[in-house]
J.: 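Sending over a structure as structure tokens; questions will come in a sec.
Small disclaimer: the values here were computed from a predicted structure and weren't measured.
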Amino acid sequence: MQNEILQSIEDLQTKVAFQDDTIEKLNQALADQQKQLDALQFQMKHVIDRLRQQQVSNIASESEETPPPHY
């Protein structure tokens, strides 16, 4: 009976140790993903800002347009 209790306690301690390790790994992965997300949001904001500043149009102004060949 005593050996069974000791074995059960040891099994529980082993499970807790594995769970602690898993939680730590998941926590680190989550922190890394948050850093990546923050960096991507920062980059996206700058890309959007640059696109807004450019305001380039693919349509030429009338002064730049050459007349059609039948004119």
Side-chain angles (χ1 to χ4, degrees):
M1 176 88 165
Q2 185 73 12
N3 285 340
E4 290 175 11
I5 292 173
L6 289 175
Q7 184 63 40
S8 293
I9 291 172
E10 187 177 319
D11 290 345
L12 289 172
Q13 288 173 336
T14 302
K15 287 180 181 181
V16 167
F18 279 117
Q19 287 177 349
D20 285 344
D21 183 56
T22 301
I23 289 170
E24 183 59 34
K25 287 177 182 177
L26 289 171
N27 188 39
Q28 186 60 48
L30 183 60
D32 292 343
Q33 286 179 345
Q34 186 61 49
K35 287 179 187 177
Q36 290 176 336
L37 181 60
D38 291 343
L40 288 171
Q41 286 175 332
F42 180 78
Q43 290 173 347
M44 183 63 102
K45 182 184 180 303
H46 285 284
V47 167
I48 290 170
D49 289 344
R50 288 193 67 188
L51 285 173
R52 285 184 178 149
Q53 288 173 358
Q54 285 182 348
Q55 294 181 352
V56 176
S57 174
N58 291 335
I59 302 172
S61 66
E62 288 185 33
S63 61
E64 295 173 342
E65 252 333 293
T66 56
H70 63 277
Y71 279 145

J.: Begin from the C-alpha positions of Asp49 and Lys45 and carry the test salt bridge (charged side-chain N to carboxylate O under 4.0 Å, His left out) through to its verdict.
T.: CA-CA 6 Å; Asp49 289 344; Lys45 182 184 180 303; 3.1 Å; yes
J.: Tell me whether Gln41 at atom CD has more than 12 heavy atoms from other residues, nucleotides or ligands lying less than 6.0 Å away.
T.: yes
J.: Rounded to the nearest 0.5 Å, how far apart are CG of Leu37 and CG of Leu30?
T.: 10.5 Å
J.: Can you tell me how far apart CZ (Arg50) and CD (Gln53) are? Round to the nearest 0.5 Å.
T.: 8.0 Å
J.: Any heavy-atom pair between the side chains of Asp11 and Gln7 that's under 4.5 Å?
T.: yes
J.: Once rounded to the nearest 0.5 Å, what's the spacing between atom CD of Gln34 and atom CG of Asp38?
T.: 4.5 Å
J.: Verify side-chain hydrogen bond (donor to acceptor under 3.5 Å, both in side chains) between Asp32 and Gln28, making sure each step is shown before the conclusion.
T.: CA-CA 6 Å; Asp32 292 343; Gln28 186 60 48; 3.0 Å; yes
J.: What's the separation between atom CG in Leu26 and atom CG in Asp21, rounded to the nearest 0.5 Å?
T.: 9.5 Å
J.: Can you list the residues that meet the salt bridge (Lys or Arg N to Asp or Glu O under 4.0 Å) rule with Asp20, with sequence neighbours excluded?
T.: none
J.: Tell me who clusters with Ile48, hydrophobic residues only, linked when side chains sit under 4.5 Å apart either directly or through other members.
T.: Met44
J.: Quick one: list whatever passes salt bridge (Lys or Arg N to Asp or Glu O under 4.0 Å) with Lys35, sequence neighbours left out.
T.: none
